[in-house]
**Q** 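This structure is in structure tokens; I'll ask about it shortly.
In what follows, every chain begins at residue 1, and chains take the letters A, B, ... in the order their sequences are listed.
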Amino acid sequence: MPNMSLKKNPMPNQAPDVRNKNFDEVALGYTEEMAIDEAKRCLNCKNPKCVNGCPVNVRIPEFIGKVAEGKFDEAYGVITSTNSLPAICGRVCPQENQCEGQCIRGIKGEPVGIGRLERFVADYHNAQGHRGGAPAKPEKNGHRVAVVGSGPAGLTCAGDLARKGYDVTVFEALHLAGGVLVYGIPEFRLPKAIVQKEVSRLEYFGVKVVTDTVVGRTITVDELMDEMGFEAVFIGSGAGLPMFMDIPGVNYKGVLSANEFLTRINLMKAYKPDSDTPIIRPKKVAVVGGGNVAMDAARCAKRLGAEVYIVYRRGMEELPARREEVEHAIEEGIIFKTLNNPVEIFADENDNVNKIRCIRMELGEPDASGRRRPIEVQGSEFDIDVDCVIMALGTSPNPLIKSTTKGLEINKKGGIVVNEEGLTSRQGVYAGGDAVTGAATVILAMGAGKLGAKSIDEYLSAK
Amino acid sequence: MYRIVNKEALKPTVILYEIEAPMVAKKAQPGQFIILRVDENGERIPITIHDYDREKGTVTIIVQTVGATTEKLSHKQAGEYLQDFVGPLGKPTETEGKKKVCVVGGGVGCAIAYPVLKKFHDSGAEVHAVVGFKSKDVVILEDKFRAAASVLKICTDDGSYGQKGLVTQALQELLDAGNVYDEIFAIGPMVMMKFVSKTTEPYGIPTTVSMSPIMIDGTGMCGGCRLSVGGEMKFACVDGPDFDGHKVDWDLAVKRNQMYRDFEAHKYEEACNLFKQEVK
């Protein structure tokens, strides 16, 4: 008999008052008993909608069935046959819009905790190591592929190709592999040891990772193909320049992009005393924006000891962030100033930020995106005293590759144009992830990396 | 890891490092910069390229010891390694099609002014140079400047060498003497570049400055290096580092560069104390 409880097994977490002062992971993970109990909530639907909701089509009921039987290793095999980064997806996917959003149990009660189970299975596997010996290494097929960027799109593409026997080299601009997984997503949401483990796994399968190499500067896509002998290239270079509001005061000291703030903290570990990288230690912070990046920045600022406001122009319901992140942020004491929009930033005589002026908003008719358009309430301006403003408004694609790659077609927003196979306007050059779509999610980038790998395999097999 | 092939103290606090980095050396051009990290806990700092040897696969930088990271760097010896060395970053300086130019360098900025000056010279321009230093004991690269510039003015703040005063005064003299330049290229402290730009503005001479704002990744991701240029937001790492000196919002740029000053001063003290302890 399935477990008919209407509620998910709750995730054991660090207490809010404790965790908002440290950078350790918030969620502690299911025990074996919790995982088996949660797995038994799955009805094993004949036509599993959850699988369609997953951008990489993990065979969800099948792996959950294995968990229910306590066969965790087999569950891992099922997941990794289509998803190469389960420990990461289990932590950062917006499950409520994907697999869990489609779950039949969610109609009356809460959906099955698919993300939590995926995380459990991956962590169980990582803790146990490879039982029954290391997995077989693929036989090399002699084809060489270059992957630009070691974020979720690049790692997925590289992993899939390496498992098929391709000789894959990943080029990373920063000094560490992982892209947004290391510079963007904080330690308390995705421990960097997990990212490192996934990178090591790819290296085990023969993927070479070359750091400190900026494609578009150190080397170009054309040189990769013409001089270095790569037969195909996958561009997963990620999002680019952060966007700022066009309001007075945006360049004062104490106004920074979420990318800068998060990079200092996550990549450079500036919160640790032995790091040489400087970081501001603000007392009161306004984070502008409502996505995952805004939540990450707000929760990092809180951990540095600040009082933190989220300023977002739509309402709580419209926050684009993953629901769990919003819940965690509220628990940790982040103050939500929704339905407000900044209009000006002020500073003292030394140009240090001292307050932000906002105007109240109300929601009007739905706009082109289907979301209700925020409208300013005339005369409703008010000030919040802050000494730091962090802009988390998304990014525009990086110009380096498009400006140095001949014949690479770009759309109006600066994203690389690809067809349904992930192929760009250049033969043998594929692309995916934020470099194509603009800022999106880890799992969508992984889906694009997967597609790129499949298309590159078809292209090179036919050659 | 990147090997220090050669290290030479040009002055006690101005040190030349030749680093083995073949990929960077292959592409480097005057006006571009690199980002380095000294060690595992190191910060990423941008340093403009002084020279490169494509055959040897090395890139040369000249660094003044001014803070914690440059202090740590100064304790690295030839044969030792740097954790990271990435580049070349930024756009190269455009030097084509100029008949007569004046290059203005201030302090260690002269290390970068020189390759730009040489490129102007090699592409056929008549080159004048104005270089400024605090005092005689920190004057660098004089012979090299003299070899490539038809007119060279050396200034020191205290008058201990060359003419006493600021580079802007020397530049003004050249302009007053009737020199007509197609372009002025200035690199050095922000305040110097600001006043060079102010000096040339009434003459309408195109003035290019090489900006060095706060930066982390150097590839167009963090947005730390943003500047206001002609009222538009620009990013030094991908749009620069060269900008029109008449359009840069200088006051803002100068102030934004001081954002982490207290932190940096504290770290510098820490680093100095650490090295002192090691000596004991």
**Q** At a 4.5 Å cut-off on heavy atoms, which part of Gln83(B) comes close to chain A: side chain, backbone, both, or neither?
**A**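 Just its backbone gets close to chain A.
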**Q** Between Thr404(A) and chain B, with a heavy-atom cut-off of 4.5 Å, which part of the residue counts as in contact: side chain, backbone, both or neither?
**A**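 For Thr404(A), no heavy atom lies under 4.5 Å from chain B.
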**Q** Relative to chain A, which segment of Tyr2(B) carries a heavy atom at a distance below 4.5 Å: side chain, backbone, both, or neither?
**A**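 The side chain, not the backbone.
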**Q** Within this structure, what is the CG-CG distance for the pair Leu252(B) and Asp351(A), rounded to the nearest 0.5 Å?
**A**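 The CG atom of Asp351(A) is 6.5 Å from CG of Leu252(B), to the nearest 0.5 Å.
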**Q** For salt bridge (Lys or Arg N to Asp or Glu O under 4.0 Å), just list the numbers for Glu43(B) and Arg264(A), CA-CA rounded to whole Å, side-chain angles, deciding distance to a tenth of an Å, and then say yes or no.
**A** CA-CA 9 Å; Glu43(B) 62 173 330; Arg264(A) 286 179 187 277; 6.0 Å; no
**Q** Can you check whether Thr219(B)'s main-chain N or O pairs, donor with acceptor, with Asn398(A)'s side chain at less than 3.5 Å?
**A**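 Side chain of Asn398(A) to backbone of Thr219(B), a donor-acceptor pair under 3.5 Å: yes, one is there.
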**Q** Could you give the distance from CG (Asp212(A)) to CE (Met23(B)), rounded to the nearest 0.5 Å?
**A**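 It is 10.5 Å, given to the nearest 0.5 Å.
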**Q** Which residues in residues 271-278 of chain A have any heavy atom closer than 4.5 Å to a heavy atom of chain B?
**A**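 Pro273(A), Asp274(A), Ser275(A), Asp276(A), Thr277(A), Pro278(A) fall under the 4.5 Å cut-off.
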**Q** Considering only heavy atoms and a distance below 4.5 Å, find which of Leu174(A), Leu256(A), Thr395(A) pairs most often with chain B.
**A**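 Among Leu174(A), Leu256(A), Thr395(A), the one with the most close pairs to chain B is Leu174(A).
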**Q** For chain A, find which of Arg226(B), His266(B), Glu40(B) contributes the most heavy-atom pairs closer than 4.5 angstrom.
**A**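 Between Arg226(B), His266(B), Glu40(B), the count favours Arg226(B).
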**Q** Please report the closest heavy-atom contact between Lys253(A) and Arg256(B), naming both atoms and the distance.
**A**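 Shortest heavy-atom separation between Lys253(A) and Arg256(B) comes out as CG-CA, 3.9 Å.
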**Q** Please determine, among Thr218(A), Ile280(A), Val214(A), the option with the most heavy-atom pairs under 4.5 Å with chain B.
**A**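 Heavy-atom pair counts peak at Thr218(A).
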**Q** Please look at Tyr183(A) and chain B and tell me whether the side chain, the backbone, both or neither of the residue comes under 4.5 angstrom of a heavy atom of that chain.
**A**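 Only the side chain of Tyr183(A) comes within 4.5 Å of chain B.
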**Q** Counting heavy-atom pairs closer than 4.5 Å to chain B, which one of Asn352(A), Leu262(A), Ile279(A) comes out on top?
**A**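 Looking at each of Asn352(A), Leu262(A), Ile279(A) in turn, Ile279(A) comes out on top.
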**Q** Is chain B contacted by the side chain of Ile219(A), its backbone, both, or neither, given a heavy-atom distance below 4.5 Å?
**A**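 For Ile219(A), the contact with chain B is made by backbone and side chain together.
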**Q** Considering all heavy atoms of both residues, which atom of Gly223(B) and which atom of Pro242(A) are nearest to each other, and what is their separation?
**A**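 Minimum heavy-atom separation between Gly223(B) and Pro242(A): CA-CG, 3.6 Å.
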**Q** As an exercise: rank Val255(A), Thr213(A), Val250(A), Thr211(A) by heavy-atom pairs under 4.5 Å with chain B and give me the winner.
**A**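 The answer is Val255(A).
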**Q** How long is the straight-line distance from CG of Asp249(B) back to CG of Asn251(A), given to the nearest 0.5 Å?
**A**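 Going from the CG atom of Asn251(A) to the CG atom of Asp249(B) covers 7.5 Å.
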**Q** Need one label for Lys255(B): side chain, backbone, both or neither, based on atoms under 4.5 Å from any heavy atom in chain A.
**A**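 Contact with chain A: backbone and side chain both.
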**Q** For the NZ atom on Lys194(B), are there more than 12 heavy atoms of other groups (residues, nucleotides or ligands in this structure) within a distance under 6.0 Å?
**A**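 Counting neighbours around NZ of Lys194(B), more than 12 heavy atoms of other residues, nucleotides or ligands fall under 6.0 Å, so yes.
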**Q** If you count heavy atoms of other groups shown closer than 6.0 angstrom to CD of Glu94(B), is the number above 12?
**A**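 Open: at most 12 neighbouring heavy atoms sit under 6.0 Å from CD of Glu94(B).
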**Q** Would you mind checking which part of Arg44(B) comes under 4.5 Å of any heavy atom in chain A, side chain (CB onward), backbone (N, CA, C, O), both or neither?
**A**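 Both backbone and side chain.
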**Q** So for Leu89(B), is it side chain, backbone, both, or neither that comes closer than 4.5 Å to the heavy atoms of chain A?
**A**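 For Leu89(B), the contact with chain A is made by backbone and side chain together.
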**Q** Under 4.5 Å heavy-atom distance to chain A, tell me which part of Ile45(B) shows up: side chain, backbone, both or neither.
**A**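 Nothing of Ile45(B), per the 4.5 Å heavy-atom cut-off to chain A.
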**Q** Tell me if the CG atom of Asn350(A) is crowded by more than 12 foreign heavy atoms within 6.0 Å.
**A**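 Yes, enclosed.
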**Q** Taking Thr263(A) for the side chain and Cys222(B) for the main chain, is one N or O donor matched with an acceptor at less than 3.5 Å?
**A**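 Pair absent, no side-chain N/O of Thr263(A) close to backbone of Cys222(B).
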**Q** Going through the checks in order, is the side chain to side chain contact (heavy atoms under 4.5 Å, CB included) test met by Glu260(A) and Met215(B)?
**A** CA-CA 9 Å; Glu260(A) 177 180 352; Met215(B) 201 176 276; over 6 Å; no
**Q** So does Lys247(B) have more than 12 non-hydrogen atoms from other groups sitting under 6.0 Å from NZ?
**A**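 Check fails, neighbour count at 12 or below.
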**Q** Looking at Met259(B), Arg37(B), Lys26(B), which has the largest count of heavy-atom pairs under 4.5 Å with chain A?
**A**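 Looking at each of Met259(B), Arg37(B), Lys26(B) in turn, Arg37(B) comes out on top.
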**Q** Any chance you could measure Met233(B), atom CE, to Phe244(A), atom CZ, to the nearest 0.5 Å?
**A**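 Going from CE on Met233(B) over to CZ on Phe244(A), the span is 5.5 Å.
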**Q** Is there a side chain to side chain contact (heavy atoms under 4.5 Å, CB included) between Met221(B) and Leu241(A) once you walk through the steps?
**A** CA-CA 5 Å; Met221(B) 187 270 283; Leu241(A) 298 160; over 6 Å; no
